[in-house]
Amino acid sequence: MNQASVHRLTAAMGHKKSSKQFFDLRLAANLGLVQRLFHQLYPKETESNHFQKLMVLLPKLFQSRPDELKIQDLNRLESGNWYQSEKMVGMQLYVEHFNKDLKGLQSKIPYLKDLGINLLHLMPITPRPTGENDGGYAVNKYHGVAKQYGSSKDLLNLTQELRKQDMFLMLDFVVNHTSDEFTWAKKARAGDKKYQDYYYTYADDTVPKAFEKSLPEVFPETSPGNFTYDPEMKRWVMTVFNNYQWDLNYSNPEVFLEMLTNLIKMVNQGVDIVRFDALAFLWKKMGTISQNLPEAHTLISLFRMCLQIIAPGAIFLAEAIVAPKEIVKYFGQESTKGNECEIAYNASLMALLWNSIATKKTLLLYKSLTNVPQKPNDCTWINYIRCHDDIGLGYDDGFIREIGWNPQLHRKFLLDYYCQRLDWSPATGLLFMYNPKTGDGRITGSATSLLGLEKGLAKKDKVLIQEAVSKMILLYGIVLAYGGIPLIYGGDEIGTLNDYSFLEETDKKDDNRWVNRPKQNWDMVANLNDKKLPQSQIFNAVQKLIAIRKKHSVFADDNNLVIHHTGNDHIFAFERTSEREGLLVLCNFDEKEQVVQSRWISKLGYFTKGEPKNLVSNKKVPLKSGLLRLDPYQLMWLMKG
Ligand code: GLC
């Protein structure tokens, strides 16, 4: 039984309980699972000691939760799955790039609300090393605020204000690694054996070499390999990401207990969604790629169950940018189904949309999405087109082959198309982490630069500009309507282009993901009433689509998504259904006008009460000779009835 059900049952039985009594109930209801998960990871007899420690820790952590948040937890349990509502629309942003610091951000809440945003994902704001720090993903401390963003007080003020405004906050929990300046790393360096065991450290390179045989490389250009020799410690340490990010050793139960404490401290600041960073990497095993291992799932589920017992109003987002069939596993499987992460990034949809833009075709999109196993009912997606990271080409080779393409050549084409290696391509992206050993590469660049706006504006090419605007609206029209939480990447709402200023900064110039981490252009925002600007067209369209989404409950994620095959390879179609409403989304990925046979749409019941209305244009959609016509890159949201 999930937490909400336990809670509702007790509430329905008319018990007036204190929040501590509800905590005891949650603990009792979930103790069996917590114990099983814990002992699965830490089976040794001696570990029972640690389980006892966990049992002492849980009530202590609960006690540390502020009363206001305890009340909010209970209210959330009663009101159902808030994160699946049609009202949810998020924005991801860098505080320093948006409006200087936390106070500056707070002063822009009216701008965000005006657009329709009610969830903020702030990029890391915790203390980090000066110099290179992977955009804050090298953590010196899991709570508290790095000076440049303001103070802990500013964060508490912000979270309080967000609650008042019915808005939600997501922050990262960088669970896989700390920076090499973290207290534990410092102690390990100084020779403290206890803390050397908090990481994977080795006296010589025998074990590292054996691990390397099967480990892939995350940053092959800037941080090749997965281990770093630390001359001060005189030991090798596992560093899967950058050499200054030390991987935590979760086979040591002390690490789990300490990280759980860090998690709760962070959540207690008023965080609603915890972005569980790089969680696929949490467990390492020699002879494997050390990603998506069953033990990693057990560990995540253990974290989640503890979080649910202590702070059931807070939930997890899985940052698992892995193969489609692997992503859904982060919602939990079998006995932990629905007991892992409530949300996961829909990285497959994101990468497939960029494939459709480049190829103007939707068959890979259709094939791949219709083969993703159904997610549990209580879980949802974050749907997005861009974020602060690169775009990886993680498609299923089998589906690429079924379409008749060669997977390797196809990926090469996509890199060429987006990374300025084809004259005719409108895209201005950059090649990220090209690995000559494997031929793999990824893509960076802002959404509009990848869609051709940068080139269009430079060449003053009206067609290119208009196409980029239409493609942007098309893509956002999809993520806003697909089941889940749409997450707008800060700056996309005003069509922000690539930012090349990172090339001038020593600590950033080697990591071209900074090209798509732009500063908010408030001058542009001030000009948005100039309706002719492409940026205004994007803003107005996105704002309007958000408003429509919020008005219709059919957009809420009830696992009510059906993907259709239209017979036209340029058109992507999906439907959202509910008892009262039906919404058919049609998207033309081609630069030319395209048609679909209306027959199958009629069968779905869209023409039974006359011509359906396209909510995007607010016009009825006519049929001509049984055909429904879509303009180049047109988005339609057809409402049934
Ligand atoms: C996640 C973040 C990425 C970071 C990595 C290591 O993938 O999105 O930006 O580099 O974790 O923390």
Side-chain angles (χ1 to χ4, degrees), residues 90 92-97 121-129 131-142 170-182 185 199 215-226 228 238-248 250 259 262 266 273-282 284 289-292 296 300 316-323 326-327 330 341 343-347 350-351 382 384-392 394 430 432-433 442-445 487 489-490 502 507-508 510-518:
Q92 172 188 2
L93 54 86
Y94 279 86
V95 175
E96 71 274 36
H97 289 181
H121 171 210
L122 307 186
M123 298 305 287
I125 50 173
T126 35
R128 74 284 308 274
E132 275 186 57
N133 54 45
D134 193 15
Y137 283 97
V139 174
N140 282 2
K141 221 171 147 207
Y142 282 99
M170 168 151 87
L171 287 185
D172 276 88
F173 186 57
V174 185
V175 61
N176 179 65
H177 42 258
T178 73
S179 80
D180 59 355
E181 290 183 5
F182 196 82
Y199 302 96
L215 286 179
E217 294 172 299
V218 178
F219 297 132
E221 279 181 359
T222 47
S223 190
N226 290 277
T228 304
M238 185 180 261
T239 52
V240 168
F241 288 84
N242 290 294
N243 53 17
Y244 50 84
Q245 289 164 309
W246 290 16
D247 287 65
L248 286 164
Y250 281 98
M259 288 300 281
N262 285 329
M266 190 196 98
I273 305 180
V274 176
R275 181 183 182 273
F276 229 43
D277 181 64
L279 80 180
F281 296 79
L282 283 185
K284 326 295 197 237
I289 62 165
S290 295
Q291 287 180 38
N292 308 312
I300 298 159
F316 274 164
L317 161 68
E319 195 255 336
I321 313 304
V322 293
E326 292 295 340
I327 298 183
Y330 288 90
C341 295
I343 316 180
Y345 278 109
N346 201 343
M350 180 277 295
I382 286 271
Y384 66 113
I385 63 166
R386 283 306 282 119
C387 71
H388 66 293
D389 281 329
D390 46 287
I391 303 170
L430 301 179
F432 180 67
M433 294 292 151
R442 283 119 76 185
I443 298 157
T444 57
L487 190 67
Y489 186 54
F502 76 100
D507 301 329
K508 295 182 176 164
D510 293 328
D511 184 347
N512 69 30
R513 287 178 298 173
W514 286 101
V515 81
N516 49 260
R517 297 171 177 178

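We number each residue from 1, following the sequence as shown. As the structure lists them, so they are numbered: ligands from 1, and atoms in each ligand from 1. Hydrogens, waters and symmetry mates play no part in the numbers below; they use all other heavy atoms, side chains included.
- The side chain to side chain contact (heavy atoms under 4.5 Å, CB included) check on Glu181 picks up Pro129, Asn140, Ser179, with sequence neighbours excluded.
- For the atom pair CD (Glu217) and CE (Met433), the distance works out to 10.5 Å, reported to the nearest 0.5 Å.
- Protein residues having a heavy atom under 4.0 Å from any atom of ligand 1 are Asp134, Tyr137, His177, Phe219, Phe241, Gln245, Arg275, Asp277, Glu319, His388, Asp389, Arg513, listed by chain and number.
- Applying the salt bridge (Lys or Arg N to Asp or Glu O under 4.0 Å) rule to Lys284 yields the partners Asp247; only residues at least two apart in sequence or on another chain are considered.
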task = List the steps and the verdict of ring-ring contact (aromatic ring centres under 6.0 Å, His included) for Tyr330 and Phe276.
result = CA-CA 11 Å; Tyr330 288 90; Phe276 229 43; 9.8 Å; no
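- When the side chain to side chain contact (heavy atoms under 4.5 Å, CB included) test is applied to Glu132, the partners found at least two apart in sequence or on another chain are Tyr244, Asp507.
- The distance from atom CG of Asp389 to atom CD1 of Ile321, rounded to the nearest 0.5 Å, is 7.5 Å.
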